[in-house]
There are 2 protein chains.
Amino acid sequence: MKSYHHGNLKQELIDCACRLCERDGYTKLSIRSLAKESGVSQTAPYRHFETKETLYASVATEGFKKLSKACHIDADKKITKKHLVEIGCNYIEFGLKNANTYDLMFGTAVGNFAEYPELLESANSTYENMRLSFSKLASDSDEVIAFKCITLWSMVHGLVGILRKVQVVGDDFDEGVGPISTASVIATNLEDHLDKVLTGLIQS
Amino acid sequence: MKSYHHGNLKQELIDCACRLCERDGYTKLSIRSLAKESGVSQTAPYRHFETKETLYASVATEGFKKLSKACHIDADKKITKKHLVEIGCNYIEFGLKNANTYDLMFGTAVGNFAEYPELLESANSTYENMRLSFSKLASDSDEVIAFKCITLWSMVHGLVGILRKVQVVGDDFDEGVGPISTASVIATNLEDHLDKVLTGLIQS
DNA sequence: AATTTAATGTTAGCAGTGTAAACATGATAG
DNA sequence: CTATCATGTTTACACTGCTAACATTAAATT
């Protein structure tokens, strides 16, 4: 009883892609399998996504929207260092819990964000979130605020990458004081850790 | 006049893979093109690399060796904060100049380092370099040293990722005080930046 | 030195991929 | 009611990773 036209294919493809991407990693995602999953012919997705990269861009856009939401602090409240720590924690938590999507968002799968306006906007809004919070924390110049944003962002981004990678780097010489145990300690005391590194940053 | 047996195929494949990987990114690397480039049949590489991931692992191993070398500080000298800054700078410089190889080393192309002993060793030696330097900087416990390593590593790793990504994130609202200009400022004043963030870390 | 064995190469072929071109269907605008 | 256009299908091409069966030659064993 299914009709020739699907009706809502694009959104269904995106949803499905997000799911499969997070489950198996974006490398394992194929347009054909996606089409099959949606009960549609192999090339139907091409009516909605010019290339595979366009599909990637859509998945990444969804990712940035979720990340933005996860890092959003209610704007009415007064912002304190604690809030910044919370943002950082939420960011890292997102990166660790949505590792495969995170790879797509920050890897090279989508080469040039500027080619995908929605992706650009969602990515920038993540930054804008952070910018706003810093601007409410202290009356810094725009330059200083941007500097603090980039610094915090690179810190939490780096932690996501290293915390993930360390798990995979072998425990030959760990013995409770090596990188793995240490990473695990950091991961379970994220707030403390971020508080520490943020203190220096905010005072600067 | 070429003989049936190549003689040095494995090494030539690795070298060639490193070159192509850095030039075009590891996604564009195919075993078949690699074989053609080395003047050998499509499936000859399979005598030396069980799967494509094994080849990736070899390229990543080379990458970690180079990274280790780039971050090596002569062990005889007394280590100062300046040396740590230099290590960080060299690390970041490597990441930015060998971006595609860096992706392979820190992405998910090679799932489990433990399956590739040489990769494991070369990756760990990068860490070990850092560990040694920190241990010569101050008489901290092994735990504290490991903590400082992970923190520094995540900082420089994060900077590599963000500095690269920001270039690609659109400049709609940059106007000289946005993320792009800021990232560029940080990139051209890496030493200052690392000095700043390291000061807090070392004192902790 | 002759012969067996193992390492390294080739050929042929399968299943899967991204993508383009030509065609089919049906919702919608005139 | 009809023409148009968005959306779907079929077919096809060039490419991929990888396997199996076979060829060649270097190395080990007798």
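Because only heavy atoms are used, hydrogens play no part in the values below, and waters and symmetry mates are left out as well, while side chains stay in. In the text below, chain A, chain B and the rest are named by the order of the sequence lines, each starting its count at 1. Because the structure is predicted, anything quoted here is derived from the model rather than measured.
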(request) Mind running side-chain hydrogen bond (donor to acceptor under 3.5 Å, both in side chains) on B:Thr54 and B:Thr51 for me, showing each step along the way? (result) CA-CA 5 Å; B:Thr54 317; B:Thr51 70; 3.3 Å; yes

Could you list the donor-acceptor pairs under 3.5 angstrom formed by side chains in residues 104-115 of chain A, with sequence neighbours left out?
| residue | atom | partner | partner atom | Å |
| --- | --- | --- | --- | --- |
| A:Asn112 | OD1 | A:Ala114 | N | 3.1 |

(message) Using side-chain heavy atoms (C-beta onward) and a distance below 4.5 Å, is B:Thr80 in contact with B:His83?
(response)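 Side-chain contact under 4.5 Å: yes.
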
To the nearest Å, how far apart are [X] [atom1] and [N] [atom2]?
X: B:Leu9; N: D:dT24; atom1: CG; atom2: P; value: 19 Å
X: A:Lys36; N: D:dT10; atom1: NZ; atom2: C1'; value: 16 Å
X: B:Glu12; N: C:dG9; atom1: CD; atom2: C1'; value: 14 Å
X: B:Asn8; N: C:dA7; atom1: CG; atom2: C1'; value: 15 Å

(request) Could you check B:Thr61 against B:Ser58 for side-chain hydrogen bond (donor to acceptor under 3.5 Å, both in side chains), going step by step and ending with a plain yes or no? (result) CA-CA 5 Å; B:Thr61 302; B:Ser58 293; 5.7 Å; no

(message) Heavy atoms within less than 4.0 Å of DNA chain C: which residues of residues 101-117 of chain B have one? Give them sorted by number.
(response)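 None - not one residue of the stretch has a heavy atom sitting under 4.0 Å from the strand.
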
(message) Strictly under 4.0 angstrom, non-hydrogen atoms only: write out the protein contact profile of nucleotides 14-21 of chain D, one letter per nucleotide from the 5' end, B, S or -.
(response) --BBBB-B

(request) Keeping to residues at least two apart or across chains, list the ring pair (Phe, Tyr, Trp, His ring centres under 6.0 Å) pairs with something in residues 9-62 of chain A. (result)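 Sorted result for residues 9-62 of chain A: A:Tyr26-A:Tyr56.
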
(message) At less than 4.0 Å, is any side-chain N or O atom of A:His48 found next to OP1 or OP2 of D:dA6? Yes or no.
(response)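 It does not, given that no N or O in the side chain of A:His48 lies less than 4.0 Å from OP1 or OP2 of D:dA6.
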
(message) Per the salt bridge (charged side-chain N to carboxylate O under 4.0 Å, His left out) rule, what does the pair list look like for residues 185-194 of chain A, sequence neighbours excluded?
(response)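 Salt bridge (charged side-chain N to carboxylate O under 4.0 Å, His left out) check on residues 185-194 of chain A returns no pairs.
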
(request) Supply the atom-to-atom distance B:Thr126 OG1 to B:Tyr91 OH, rounded to the nearest 0.5 angstrom. (result)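 Going from OG1 on B:Thr126 over to OH on B:Tyr91, the span is 7.5 Å.
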
(message) Going by the rule side-chain hydrogen bond (donor to acceptor under 3.5 Å, both in side chains), which residues pair with B:Glu62 if we only count those two or more places apart in sequence or in a different chain?
(response)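 None.
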
